[in-house]
Structure formats: C-alpha cells, structure tokens
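Every chain is numbered from 1, with letters handed out A, B, ... down the list of sequences.
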Amino acid sequence: MNFLTIVVRGLLRRPVRTGLTLVGISIGIAAVVALVGISHGFEASWATGMKVRGTDIVVSNMGNALAPKPFSAEVRDRIGKLPEVAAACSIYADLTSVEDASMMVVSAREWGGFSWQNLKLISGRMPNDGMEDAVVLGQTAAEMLKKKIGDPLQLETKELKVVGIVDGGAMVENGSVILSLELFQKITGNEDRINVIDIRAAPGMSEEAVKQLCDKINAIAPEAKAMVAGEHLGNSQAFRFISAMSWGTSLLAVIVGVLGVMNTMLMTVFERKQEMCILLAIGWKPSRIIRMILWESALLGFLGGIVGVIIGTISVKVLEQLPAIHGMLEPDFNGGLMAVAVVLAVVVGVISGLYPAWRSSRLTPSLAMQG
Amino acid sequence: MKLETTHASADVASEVVFEAKGLKKEYDDGRVHALRGVNFRITQGEFVVILGPSGCGKTTLLQMLGALAEPSAGILHYRGKSLADLADPASYRAREIGIIFQAFHLLPTFTAVENVQMPMFETDRPAAERTERAVELLKLVALGHRLDHFPSKLSGGEKQRVAIARSLANGPTVLLADEPTGNLDSENSKKILELIIRLRREQNMTLVLVTHDLNIARMATRTIEMKDGLIVADQQVPQTAA
C-alpha cells in the first residue's frame, strides 16, 4: 500500500458522491473543450481558407461587426502598385441570411482574381463572365440550401442561378455562396465598395518581409488594416468577443465544478474528522493530512478533466451531425487544448481542496479519544 | 518474534520515562479543571494503571502523555525533555509511543494489514517493508489469517488485536492504552489484556493503561488513583501480580 492507495480509498469511500462531483467538474471541462474547440476550429478553418486561396495578407477593417466594414475599391489599385505585391483580389464578404439559411457567408470575388483559383468544381461549371447572373456554391452551402445545379437562388432582390458546386478546401470556403464581385456590387448597390483585399506577396518573401509589407500597406491605405493571413481574424473585435464569451461561459461551468469539488471535500473533512484525528494521534503530521486532502481533490479534478475532455469531444461530434448545423463546425481538438483542459481541471481540484485542507489542518489529535 | 524498539532495553531499564510536576489542564476558559496539579514519575518498563471514576481526569492525563493535548500549566517531561517544547509532536507520537483506543479506531476502508501500516508512513520504510512488518505484527497478535479482512468483517477482539499491532508499528518503548477492554466481552477482555501484558513484558515497554476495572489494576506493577483531577493514591502492586 502506498500513499496513492490511501488517496484513492478516500474517494471510493462515498462512490455516489464522488461520481456526482466528477460529473459536475467534467461538465465544466466539457464546456471548455467544446466551446473553445469550436472557437479555435473556426479560427483555424479561416486560416486554412486563406492558405488554400494562396493569400499572404488580408486587408480589411474588422470592427465590432461579424463582417468587415466596406471601404473604397480604389484602395486595391493603390496597394496593387507596390512592387512587393504579386497579386491583389478585391472581395466583398458578408454574413447574411440566404433563403432558409439564417446565416451564410456570401463571398463576392473580383472576376478573374486569384481567389477563384482554389475552387475545384465538383459539378456544373464556373460563371461565364463577371456579370452572368450565376453563383457557385461550396458543397456544404449546397447541402444546407438544398440546391443543385440549375436551381434558382434568391440573393437580396435578384434571382440567380446555381451553375456550379465547388470544393474550396476549407470549411469556410465550402460553406460560402460565391459569386463575382461586380455582380454583387450591382445587386446590392454597393458599386466601388469592397471590404476585403486578398494579397499575394512576391515569391520568396520571408515572414519578416511580409510583415514589413503589411506596414507599408497600412501607410498607404489607412482606410483598412493589413495583417498577415490567419492573424486577421484574431484582430476582429467581434471574434474576440465570441472567443471571450466561449471562455466566459466555460469558466462559469468550471466555477460550478469548483464549488462541487469544494463541497465534496468539505463534507469529506467533516465526515472523516475523527478518522483524521486518529491518523494524527498515531503519528501522522498535519502536513500529510493536508496532502491527502489536496491529492484527493486533485485526483478528482484530474479524473473530471479526462471525463470532461471525452464528453466535450463526443458532444461536439454529435452536434456536428445535427442537420441544422451539419458542415458548419470544424472544431479544433488539438492536444494542447486537451492538455490545458486537464491541467485546468487539476488546478480547479487543488484550489477547491485548499479550504477543506486548511480546515483539516486545524483538527486536534485529542479528538481521537472522544468516542 | 523480537520487535524492534527505538531504545535498547538494557540502557533504559531504570530510566525515567515520564515526569510530571504540577500538571494542570483547564477547559472552557478555566471553567472546567480536568487536572489540578498532578505530580508523578514513571520509569522504563513499568506497567502503570490509572484508575478513577469518569471525569476524574485520567483520559486527559493519557492525552498529555501522548502529546495529544497540551497542559495549561506545569511540566511534563519525556526522557528529560519537555513535551510542550517538542519541535515535532507528530514524530514523538509516531516513533516513541503506541496508542490503543477503547473504540479500536481502525480505518474502515482499509484492511487489517493496511491499518497496521498507517503509522509507518511517517518513517522511511519502503512499501514492501511496511507490508512485511505489518504482516509480522499481525501474526504476533495471532491474526495472520485475517490480514486482508476489513474491520467490518472482524470481531471486537480481533479489531483490538489489529489496533494493538498498529500501536507497535514503529517499535515504541511506551504503550498508552485508553480503556482497551472497555468495548469487549469478558473473554475477549482477558485475552487482550494477556496479549498487551505479554508484549509489554517481552519488549520491556512501559505501559500506561487507563481503566475503571480493578481486576486489571491487580495485574499492574503500579496503580495511580485519581479523583477530581488529582492523584489520590499512587502505590506499587506486588510483583507476583504483574
């Protein structure tokens, strides 16, 4: 028998209560894993979208809204003249309701721009020109909108025709309605307005050089902000708010878990008061009793963390299969997130055990002789 | 089986183990006087029975000897050192003394062999050695066949035997017993007493035993009778009885 055996027996003494506490803490950790995993996944997917489009720099004005603020299309010409810029593609991206889908990405791209090149046709064709009343749908968008080639699609007041279904190589691309920028500007009355410019840097430029190019662009285009692709989403206040909400909601669930563990450990100290006094009377140091309580709560946290990671992962996998959001989630359950979740659970366990441990340290061994 | 002890028997034969001078203990801000000034000396190898009615202070005195409680006034020395000034009372309880409780106080979620190992966690013994010693001790108290039984599966007498084995875990030179037969029937009481006395004699341990039972007092080498927090009689018992 070693010290860990004593710790484990302490938890097994009340298996139902230990089990319920485990459930409490694991729900908190599951919330962390699910919400943060979804949030990270969205960010990672956005970065993948940029990568498959071959975009090195994104110029946009990410304010408080989910979609970037529009600015003059003339900015693109200013930026395109820089010698370090190999190509620039104007885009108008919006998050809006399309027919029955409450929120979809509508991505209007400069006709002939490089941002069309990553789209692989699965069926149908690409629009014939920039003013054809046609759209292509990412494969997930087609599933969500229940559209096939030749079907009409109502966008704002204009009826367009679905001419192609494409694989964009990333969740965001596959969930988009894609059309030419010129057509979209005409439909929405936003002539000469864009809200994103995708930029390809000249071949062979180092990361540092790309960052310096961002500074250069920012100097000549104060209407928007140039950022290295993949980092721009993190700069969005709206995304930061969503991310903070994910953590906030998760932490609330974790706090409930903390209270659960603390309650269990306090009950343990009260119930096992005489047992602890006996241990003190037969020679255990108070520090060993404290360690026993802290190890018990840490183990409870650790097990809760493991169970929480499993529950969180399975929950999101189940969620992904729901018809309403199928294809919209691409959670990022990387090892780092799992490790952070388990470490968080252990820390929660230890913190929850501090007060009960302190209470146990105040027990006097003479109580062992009472009864 | 020869148990290991922290002191060689020959060296400590006439050594003063406990010495109390003017020992007092008050509770409830001085409203309750459990000990009112107690003086005595106990030497190595003695079997001292402390007698007296309920509330006379005998258990409080035993708590003081075990460093389970601190005196309100007076001096209590263990082998010449003040117990109040012990830097590490836990170490004293773990290594110098063994305590036997009236209610056995075994931990219910641990087997007999595991219960006996509990005091050994404050020593440097590795796990295998702890188990080996616990098995030896349980065999010594005739419980070699009950090693893996939980306390709920043991009789009262068996529980007290496990508690005795536990008290010997770290080879103490002093045994403190608080009404060790108080929860046992007469047959088991007799067997437990015989066991404690035999172990004390074999190991030349000092035994301080608190009881109401005058029959037990006759087996001791010395009796201390208490009343209202004071020692009212302190006398040697003829050696043939011990």
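Highest contact tally toward chain A, considering only B/Thr131, B/Asp88, B/Thr59, is held by B/Asp88 [criterion: heavy-atom pairs under 4.5 Å]. Note: B/Glu122 leads B/Glu122, B/Gln117, B/Arg93 in heavy-atom pairs under 4.5 Å with chain A. Between chain B and the residues A/Thr364, A/Ile6, A/Leu280, A/Leu12, the most heavy-atom pairs under 4.5 angstrom are made by A/Ile6.
Neither the backbone nor the side chain of B/Tyr92 comes within contact range of chain A, judged by heavy atoms closer than 4.5 Å. Of the atoms belonging to B/Pro108, it is side-chain heavy atoms, and not backbone ones, that fall under 4.5 Å from chain A.
Other residues, nucleotides and ligands contribute at most 12 non-hydrogen atoms within 6.0 Å of the NZ atom of B/Lys227. Residue-environment remark: CZ (A/Phe302) stays at or below the threshold of 12 foreign heavy atoms within 6.0 Å.
One finds the CG atom of B/Asn115 at 8.0 Å from the CD1 atom of A/Ile282 (value rounded to the nearest 0.5 Å). Note that CG of A/Leu279 is 5.0 Å distant from CG of B/Leu107, once rounded to the nearest 0.5 Å. The distance from the CD atom of B/Glu70 to the OG atom of A/Ser366 is 10.5 Å, given to the nearest 0.5 Å.
Considering all non-hydrogen atoms of both residues, A/Asn2 and B/Phe121 come closest at C-CE2, 3.8 Å. The heavy-atom pair separating B/Ala90 from A/Trp284 by the smallest distance is CB-O, 3.8 Å. Annotation for A/Met1 and B/Ala127: closest pair O-CB, 4.0 Å, computed over non-hydrogen atoms.
Pairs of residues two or more places apart, or lying in two chains, that qualify as salt bridge (charged side-chain N to carboxylate O under 4.0 Å, His left out) and include a residue from residues 97-117 of chain B are A/Arg9-B/Glu114.
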Item to complete: Please test A/Glu275 against B/His105 for side chain to side chain contact (heavy atoms under 4.5 Å, CB included), starting from the C-alpha separation and ending with a verdict.
Response: CA-CA 8 Å; A/Glu275 185 177 315; B/His105 285 341; over 6 Å; no
